[in-house]
Engineer: 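Quick one: the structure is below, questions incoming.
Order of the sequence lines sets the chain letters (A, B, ...), proteins ahead of strands, with each chain counted from 1. Computed from a prediction, not measured in an experiment: that's the story for all the values here.
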Protein chains: 2
Amino acid sequence: MDNKLEMIDFIEEGPKWFLPNLSVDCVIFGFHKNQLKVLLNRWKKVEGWCLPGGYVMRDESVDESAKRILKERTGLSKIYLQQFYTFGEPDRVKSLAMERDQFSQIFEKEIKPDNWMFDRMVSVGYFALVEYSKVKPKPDTLSDKCEWCDITAVPQLFFDHNQILQRALKELRFQTFHHPIGFNLLPEKFTLPELLGLYETILGRKLDRRNFQKKILSFNILKKLDERRNIGPHRAPTLYSFDKQQYSKAMKEGLSFMF
Amino acid sequence: MDNKLEMIDFIEEGPKWFLPNLSVDCVIFGFHKNQLKVLLNRWKKVEGWCLPGGYVMRDESVDESAKRILKERTGLSKIYLQQFYTFGEPDRVKSLAMERDQFSQIFEKEIKPDNWMFDRMVSVGYFALVEYSKVKPKPDTLSDKCEWCDITAVPQLFFDHNQILQRALKELRFQTFHHPIGFNLLPEKFTLPELLGLYETILGRKLDRRNFQKKILSFNILKKLDERRNIGPHRAPTLYSFDKQQYSKAMKEGLSFMF
DNA sequence: TTTTAATTGTGTATATAATACATTATAGTT
DNA sequence: AACTATAATGTATTATATACACAATTAAAA
């Protein structure tokens, strides 16, 4: 879909390559300056925001579609990715039909009302946890922007994407209780106060700094480094990284995480 | 699909009414004689077992499809039903293609290899918890049997249905830790030893009878009745039922259940 | 009628984990 | 060297989980 010709093929013959009526939407979380972020796409012309998504190719698994979409938007592979829910209300893309004219604008070609793109879509939702600094957001061919958006300042999105986001957020919070997945949002080296901030942001409440430290260290999934981070006129916090071995062990066992 | 004519229409024109490439599979759990059960369908002629499933009608939500399938197999509505995973491997119904001849047998009509039924299927998995005694299993038009099967004696199933079942079981166990969903498997009146047996079966390990009782009662979701169950030459256990109000409150809050 | 065996119902003592809060250590500034 | 802000560690208290003991109850057997 890199040139216009391929785009026209896509419009006319999409279901030849993709499964019709099925899509994948990705909620890509990042963490920066103590704020939780989501990656959003902005469509050309109509200038509306939505979650990165796409179709499932006929020879790839739904998981692989999500990975592909994620790679296209972020440039990253091998990241924490998890299916969380499938959205199957028949009217969930009602607004898509309403935007039909605008679609024709975006594609610079008239798209007939009975085109497969305006048919009903069931969408499989995935959420991903990525290291903010490693991501170079890339818009897709239909979008002019792909940007991080603070979770507290998400605008109205197309279709049911606000609901999908809310559900992903709920899932993220829930899983944070049981698995140490939050680490995927941090860089390789981080301080305990930073980790605390992450957990407080995800869970939406304050935690006791001292008890947090005690507990997180008791899981033995952190390696204390011989480095510190200078953060101003006071004691410099120690840097930590995972013990990947212990970490994956903890993931499997799902230690009695957490608060 | 009650007569042959409609079945032929179904074969030739299925996607007119259903979404192609998408199906729903239901793992219906029951509990009887201290054993966890699943409801299985047996196909005519080929005599192989599989999970009850079906297609998604164009005007119904995926949730509604699951409800409809459940109602058709069990006669029940208003039961505990939950989507748990979507299975999207491209080869997950490979064996279906292999059974093509047998399919033609079942339908008593030749089905061409390029028929939509042999195309790739992405399936949304649901699990349901039902009261065993209330269910009158009904086979569908393709099946000659619909029966309860002990979870420890499940035969090899068609497609990836064994995997789907395993995943549902895992999900049931996990959720049992956090929500009192297990009650949906019991009749309206039950004894604490029966409830204990249910939890032990689901979790796959022994629990301390006395501590279990203390904890379960501490949640205040049970009503002690003025009745007992006679079960032999020893003390008769008291019957309990839910406090539905407290129960639904507990479900929302997801009290720090459990073991 | 008494005994017996099996199972329910309740209690308590101990171990483990969660929480609250106090104190000391340290980097940089004044 | 004193000051300030935050990191790091420790302890006392409370709550929860676990282990285990014993009395109560039922119906069948003696």
Engineer: Check whether any side-chain N or O of A/Thr191 sits under 4.0 Å from OP1 or OP2 of D/dA7, and answer yes or no.
Structural biologist: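 The answer is no; no side-chain N or O of A/Thr191 sits under 4.0 Å from OP1 or OP2.
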Engineer: Using whole Å, what does the distance between atom P of nucleotide C/dA25 and atom CZ of A/Arg228 come to?
Structural biologist: 14 Å
Engineer: Would you say the ring centroid of B/Phe87 lies under 6.0 angstrom from that of B/Tyr85?
Structural biologist: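 Yes, the ring centres sit under 6.0 Å apart.
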Engineer: To the nearest angstrom, how far is B/Asp208 atom CG from C/dG9 atom C1'?
Structural biologist: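 Going from CG in B/Asp208 over to C1' in C/dG9 covers 13 Å.
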Engineer: Rounded to whole Å, how long is the line connecting atom CZ of A/Arg235 with atom P of D/dC3?
Structural biologist: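 Rounding to the nearest Å, CZ of A/Arg235 and P of D/dC3 are 20 Å apart.
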Engineer: C/dT26, D/dT9, C/dG9: which one has an atom nearest the side-chain heavy atoms of A/Arg210?
Structural biologist: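 Closest nucleotide to the A/Arg210 side chain: D/dT9.
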Engineer: Report yes if at least one side-chain N or O of A/Thr238 is closer than 4.0 Å to OP1 or OP2 of D/dA8; otherwise report no.
Structural biologist: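 Yes, because at least one side-chain N or O of A/Thr238 sits under 4.0 Å from OP1 or OP2 of D/dA8.
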Engineer: Taking for each residue the nucleotide of DNA chain C bearing the nearest heavy atom, is the 5' side occupied by B/Tyr240 or by B/Pro233?
Structural biologist: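 So the residue in question is B/Pro233.
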Engineer: Once you round it to whole Å, what is the distance between C1' of C/dT16 and NZ of B/Lys215?
Structural biologist: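 Atom-to-atom, B/Lys215 to C/dT16, this comes out as 13 Å.
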Engineer: Taking 4.0 angstrom as the limit, do B/Glu64 and B/Arg68 come out as a salt bridge?
Structural biologist: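 Looking at B/Arg68 together with B/Glu64, the answer is no, because their closest N to O distance does not fall below 4.0 Å.
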Engineer: Is it the case that atom CD in A/Glu188 sees more than 12 heavy atoms from other parts of the structure closer than 6.0 Å?
Structural biologist: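 No.
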Engineer: How many angstroms lie between atom CG of A/Leu165 and atom SG of A/Cys149, to the nearest 0.5 angstrom?
Structural biologist: 8.5 Å
Engineer: Classify the ring geometry of B/Phe212 against B/Tyr199: parallel below 30°, tilted from 30° to 60°, perpendicular beyond 60°.
Structural biologist: tilted
Engineer: Take B/Ala236 and A/Arg209, find for each the nucleotide of DNA chain D with the closest heavy atom, and name the residue whose nucleotide sits nearer the 5' end.
Structural biologist: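 Nearest-nucleotide comparison on DNA chain D picks A/Arg209.
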Engineer: Tabulate protein N/O versus nucleotide N/O from nucleotides 11-14 of chain D, keeping only pairs under 3.5 Å, one per line.
Structural biologist:
residue : atom : partner  : partner atom : Å
D/dT11  : O4   : A/Lys214 : NZ           : 2.8

Engineer: Quick one: pull up CZ in A/Arg73 and CG in A/Leu39 and give me the separation to the nearest 0.5 Å.
Structural biologist: 8.5 Å
Engineer: Respond yes when some side-chain nitrogen or oxygen of B/Asn230 is under 4.0 Å from OP1 or OP2 of D/dA27, and no when none is.
Structural biologist: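 For B/Asn230, the contact criterion (side-chain N or O under 4.0 Å from OP1 or OP2 of D/dA27) is met.
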Engineer: Between C1' on D/dA7 and CZ on A/Phe212, what's the gap in Å once rounded to a whole number?
Structural biologist: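 It works out to 14 Å between those atoms.
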Engineer: Write out all pairs satisfying salt bridge (charged side-chain N to carboxylate O under 4.0 Å, His left out) with one or both partners inside residues 216-227 of chain A, taking only residues at least two apart or from two chains.
Structural biologist: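 For residues 216-227 of chain A, and leaving out neighbouring residues, the salt bridge (charged side-chain N to carboxylate O under 4.0 Å, His left out) pairs sorted by first residue read A/Lys189-A/Glu227.
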Engineer: I need the CG-P distance between A/Leu225 and D/dA8, as an integer number of Å.
Structural biologist: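 Answer to the nearest Å: 12 Å.
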Engineer: In this structure, how many angstroms lie between the P atom of D/dA5 and the NE2 atom of A/His234, rounded?
Structural biologist: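 Between P of D/dA5 and NE2 of A/His234: 10 Å.
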Engineer: Find the distance B/Leu217:CG to C/dT10:P and express it as a whole number of Å.
Structural biologist: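 Nearest whole value for this atom pair: 8 Å.
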